[in-house]
Amino acid sequence: MSRFFATGSDSESDSSSEEEQVQRAPAAAFTYSDEEEETKRVVRSTKEKKYQHITNLIKLIRNQKKIKDINPMLSTFEDLTKAYSKALTVINKEENGKTPIFYLRILVEIDDFIKEVWEDREGRKNMSKTNSKALTSLRQKLRKYIKEYFEKEIETFRENPLDDDEEEFKDEAESEDNDDQAADFKKQEPIPDASKFKKGAVDDDGSDSDSDWGSSSDDESSSSSGDDKPVAGPDYFRKTAQKDGDEEQKQIRKEHRKDRKEKDRRHKREEDDGEGEWETVKGGVAIPSEKPKMFAKDEEINTVAVLKKLNEIIAARGKKRTDRREQIELLHELQAIAENHNLTAALVKIKFCIVSSIFDYNPKVSDAMKPEYWSKLLVRITEMLNLLLSTTDIVIAESIGEDEEEYEKAPFKLHGCVLTLVERLDEEFIKLLKECDPHSNEYVERLKDEKQVCATIDKVQEYLERQGSVSELCRIYIRKIEHLYYKFDPNVLKQKDGEIGDDVVTAVQVMDKMCKYIYSRDETNRIRTRAMLSHVYHHALHDNWFKARDLFLMSHLQETIHHSDPSTQILYNRAVAHLGLCAFRHANIKDAHACLLDLMMTGKVKEVLAQGLLPQRQHERSKEQEKIEKQRQMPFHMHINLELLECVYLVSAMLIEIPYMAAHEFDARRRMISKTFYQQLRSSERQSLVGPPESMREHVVAASKAMRNGNWTACNNYIINEKMNAKVWDLFYQADKVRAMLSKLIKKEALRTYLFTYSHVYDSISMQTLAELYELPKPEVHMVISKMIINEELMASLDDPTQTVVMHRSEPSRLQSLALQLTDKVNNFVDSNERIFETKQGNFFRNQGNYRNFNRQDWGGRQRRDRDRDRNRGDDNRNNH
């Protein structure tokens with residue numbers, strides 16, 4: 001008992017300790033080294049273990065967040081959620097069901113980080129595929145996780161976040177306490193002597209100078225003899241004498257960490273600025289510590305002083321350390337000073353420089369500018385043009401040199417080009433539209449700015465018509481044409497039908513005026529070509545078929561267009577596509593097919609019309625080529641419906657090909673008119689089971705099969721139905737007229753197909769019967785049959801008294817045609833077989849070396865035949881005598 005409980009006197013304790021020393025001596029063989037003791041003697045509670053695991057994962061996520069390594073961050077986040085769910089029982093017990101603040105904070109940090117990366121579109125483009133996929137997956141998982149479990153708590157945390165430093169220091173202090181406790185446990189000896197703690201006689205190796213169980217001191221023995229409590233245990237063996245010192249050390253370390261974090265924040269802020277430390281003022285707005293002053297207090301402000309200051313600001317433009325935002329702010333401040341002092345000429349120059357600076361704010365020319373700067377740009381250009389149009393004393397032109405500028409006397413002369421600014425504005429507008437998702441509300445909102453852009457172009461046009469050159473007028477006209485040519489104006493067709501008067505100015509008249517000006521005045525071939533193609537497109541859009549066709553043919557652009565730049569070639573393809581649609585609406589099926597044939601034969605209609613890029617194999621298109629081709633794409637609101645285009649092409653091919661195939665069914669040398677249409681028919685014929693049509697192509701193929709049999713009703717129902725109306729025909733203006741025209745064409749071509757297919761069955765057929773069968777007027781039937789007879793497509797004649805078609809039966813029947821076809825094939829086969837046999841026989845005799853003997857034998861045979869012939873002739877002569 002004396003080994004563990006101090007119940008005896010000093011002598012007893014001494015003797016007991018000596019006995020223990022003797023008995024414990026063999027245990028020295030099983031003592032552990034310091035490292036083993038340190039690893040084995042860590043005692044932690046369940047809460048500490050769970051919290052430590054979660055804390056390590058949080059640190060790992062923060063490190064991954066710093067280097068934007070998103071793929072590992074996703075797996076770490078999944079591990080974090082699993083660790084939290086495992087620790088949920090402990091958290092509910094310790095935190096009373098509340099979520100720990102540090103866990104809410106890391107969720108908010110990850111959410112903010114994902115939002116920042118997601119909004120950085122340029123960064124996402126340069127991101128690897130693995131990180132890009134991981135970002136999307138992490139974004140979805142985090143949203144779902146927060147929405148299911150922590151939505152209200154995170155909202156509360158965002159409204160009243162705790163102080164990061166205090167919370168962090170609190171967590172770290174708790175962890176340090178735990179670490180200190182664990183360290184104290186580690187430092188314990190297996191059975192240490194209490195005299196160590198009093199005397200402190202410890203050797204370098206951590207063992208006492210005396211034996212492991214030396215004699216204890218008087219104080220120790222007296223204190224231990226006073227009560228019957230265990231003296232061997234963690235609380236007893238802890239170094240209580242060092243507690244006060246440890247607390248002081250903790251406080252020192254905590255203050256050191258605060259100072260270090262403050263220095264890190266200051267250093268990071270300086271790195272972000274690149275221009276030294278910033279001052280924080282009331283309201284949370286950071287401003288530079290030193291702001292340049294415009295003018296001194298007593299300095300006279302006039303045009304010369306303002307222009308001098310303007311030149312100083314502009315001189316920093318384009319330099320490496322120039323802050324573009326600060327430059328724009330300085331120019332706005334200078335503009336306010338010029339407005340206060342009524343310096344009109346200088347004010348125009350300042351506004352011109354502000355517009356140029358806003359353009360310069362976007363460092364990459366290929367990327368679109370930010371929406372907030374786009375709004376500022378529209379306002380500043382409008383202000384500048386209003387100021388120019390309000391007075392006639394200011395002349396701004398590119399031809400005026402900087403030395404020739406005049407700001408003192410009217411008329412004021414300024415160096416610059418308003419037209420270039422507007423052209424750049426138009427290009428930026430197109431870039432903004434391409435940057436937006438075409439199916440989002442953002443695209444619609446951005447498209448509303450087109451009205452303001454067109455108004456700006458009109459103002460520049462008004463200014464240049466007053467004091468601009470001919471070439472500048474042509475350039476501004478082509479800008480206006482490019483915003484007008486693809487827009488449909490219903491007043492044009494209403495004016496044709498007489499619903500509105502001729503005094504109403506329509507889009508066609510405006511286009512006609514500007515295009516004719518360019519045709520007669522322009523000196524550059526490119527602007528004239530683009531104006532002509534836009535004019536053709538506009539005429540075709542408004543059903544002016546003959547004007548569009550004649551203008552297109554007179555231009556001879558189809559011969560030289562392959563020498564033009566890519567954007568002009570794209571415009572040419574768009575004009576040809578609309579020319580084909582216009583021909584189809586006017587029932588000119590052959591012209592429509594001819595226009596659309598070249599586009600559809602390429603198989604790359606989307607790329608040819610610049611409405612998207614088809615996926616390519618690896619190494620077929622480099623990143624630079626893909627970037628250039630994306631810049632050439634048309635904005636979404638200018639696209640032509642590709643399904644409509646393909647449907648019109650296939651229906652036109654059906655109306656041409658099916659009668660031709662029926663007329664030349666047994667012709668072995670039949671030519672193929674439309675390759676794409678044939679491919680659709682063949683793919684349908686290869687299928688073992690053909691169900692009801694679903695897609696647009698399947699509808700056209702099913703209609704073609706019905707027309708082959710002369711069944712116009714089924715053909716019409718396949719082409720014109722609710723599904724096809726919604727996909728294709730309702731997209732036409734005045735769709736009912738198009739559908740009526742199409743039904744009439746189907747009836748006529750089905751009649752021709754029927755006559756080609758079954759003419760050999762009839763001796764004669766009544767036109768009245770055909771008219772009733774195809775629901776056509778008798779004159780229409782008469783016209784169709786007469787054309788077929790004149791073109792020698794049908795061997796027949798019309799009997800007017802009886803109104804019948806009499807078949808001449810000059811063409812072979814079906815069986816005869818097949819027999820003739822078989823005969824031709826057999827003859828060809830025999831000829832080819834004989835040629836092959838003769839070639840092989842000749843090679844055989846040549847190889848055997850008997851070629852001369854073969855000729856000698858052949859010559860002997862000929863001689864015998866000649867003698868026999870002469871003998872027969874002599875016999876015949878004798879008989880005659």
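FYI, the numbering just counts along the sequence from 1.
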Inset, instruction - In sequence, state the C-alpha distance, the side-chain angles, and the governing distance for I396 and F352, and then conclude on side-chain contact (heavy atoms from CB on, under 4.5 Å). - result: CA-CA 10 Å; I396 180 168; F352 194 89; 3.7 Å; yes

Side-chain donor or acceptor of [X] paired with backbone N/O of [Y] under 3.5 Å:
X    : Y    : answer
S440 : C436 : no
N131 : N71  : yes
T391 : L388 : no
N340 : A336 : yes
R574 : M638 : yes
E151 : Y145 : no
N573 : V608 : yes
Q569 : S564 : yes
S137 : K133 : no
Q633 : E629 : yes

So, taking the atom named [atom1] in [X] and the one named [atom2] in [Y], what distance separates them when rounded to the nearest 0.5 Å?
X    : Y    : atom1 : atom2 : answer
I430 : H483 : CD1   : NE2   : 5.5 Å
I476 : K459 : CD1   : NZ    : 13.0 Å
S128 : L135 : OG    : CG    : 10.5 Å
Q611 : M634 : CD    : CE    : 8.0 Å
K309 : E333 : NZ    : CD    : 9.5 Å
M514 : K480 : CE    : NZ    : 5.5 Å

Legend entry - H538/Y485 aromatic ring centres below 6.0 Å: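 Here the rings of Y485 and H538 have centres that are no less than 6.0 Å from each other.
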
Legend entry - Centroid separation F157 to F150 less than 6.0 Å: no

Inset, instruction - Just do the side-chain contact (heavy atoms from CB on, under 4.5 Å) check on H535 and D512 with the steps written out, would you? - result: CA-CA 7 Å; H535 206 181; D512 197 53; 3.3 Å; yes

Legend entry - Residue K434 excluded, over 12 heavy atoms near NZ under 6.0 Å: yes

Less than 4.0 angstrom from a charged side-chain N to a carboxylate O is my criterion; do [X] and [Y] meet it?
X    : Y    : value
D489 : K494 : no
E445 : K448 : yes
K431 : E428 : yes
E607 : R632 : no
D111 : R158 : yes

Inset, instruction - Answer yes or no for K376 and Y373: cation-pi contact, defined as NZ/CZ to six-membered ring centre under 6.0 Å and angle to ring axis within 45°. - result: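 Satisfied, under 6.0 Å and within 45°.
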
Inset, instruction - For the residue pair I481 and I518, establish whether any side-chain heavy-atom pair is separated by less than 4.5 Å. - result: yes

Inset, instruction - Answer whether the closest heavy-atom distance between the side chains of I350 and V306 falls below 4.5 Å. - result: yes

Legend entry - Audit row: Y463, L419, side-chain contact (heavy atoms from CB on, under 4.5 Å) steps and yes/no: CA-CA 10 Å; Y463 176 77; L419 179 58; over 6 Å; no

Inset, instruction - Using salt bridge (Lys or Arg N to Asp or Glu O under 4.0 Å) as the criterion, point out the one residue from K487, R530, R475 that pairs with E482. - result: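 Result for salt bridge (Lys or Arg N to Asp or Glu O under 4.0 Å) with E482: R530.
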
Inset, instruction - Just do the side-chain contact (heavy atoms from CB on, under 4.5 Å) check on M511 and K516 with the steps written out, would you? - result: CA-CA 8 Å; M511 279 284 295; K516 285 180 178 177; over 6 Å; no

Legend entry - Passing candidate, ring-ring contact (aromatic ring centres under 6.0 Å, His included) with H578, options F488, Y572, Y537: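 Of the listed residues F488, Y572, Y537, the ring-ring contact (aromatic ring centres under 6.0 Å, His included) partner of H578 is Y537.
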
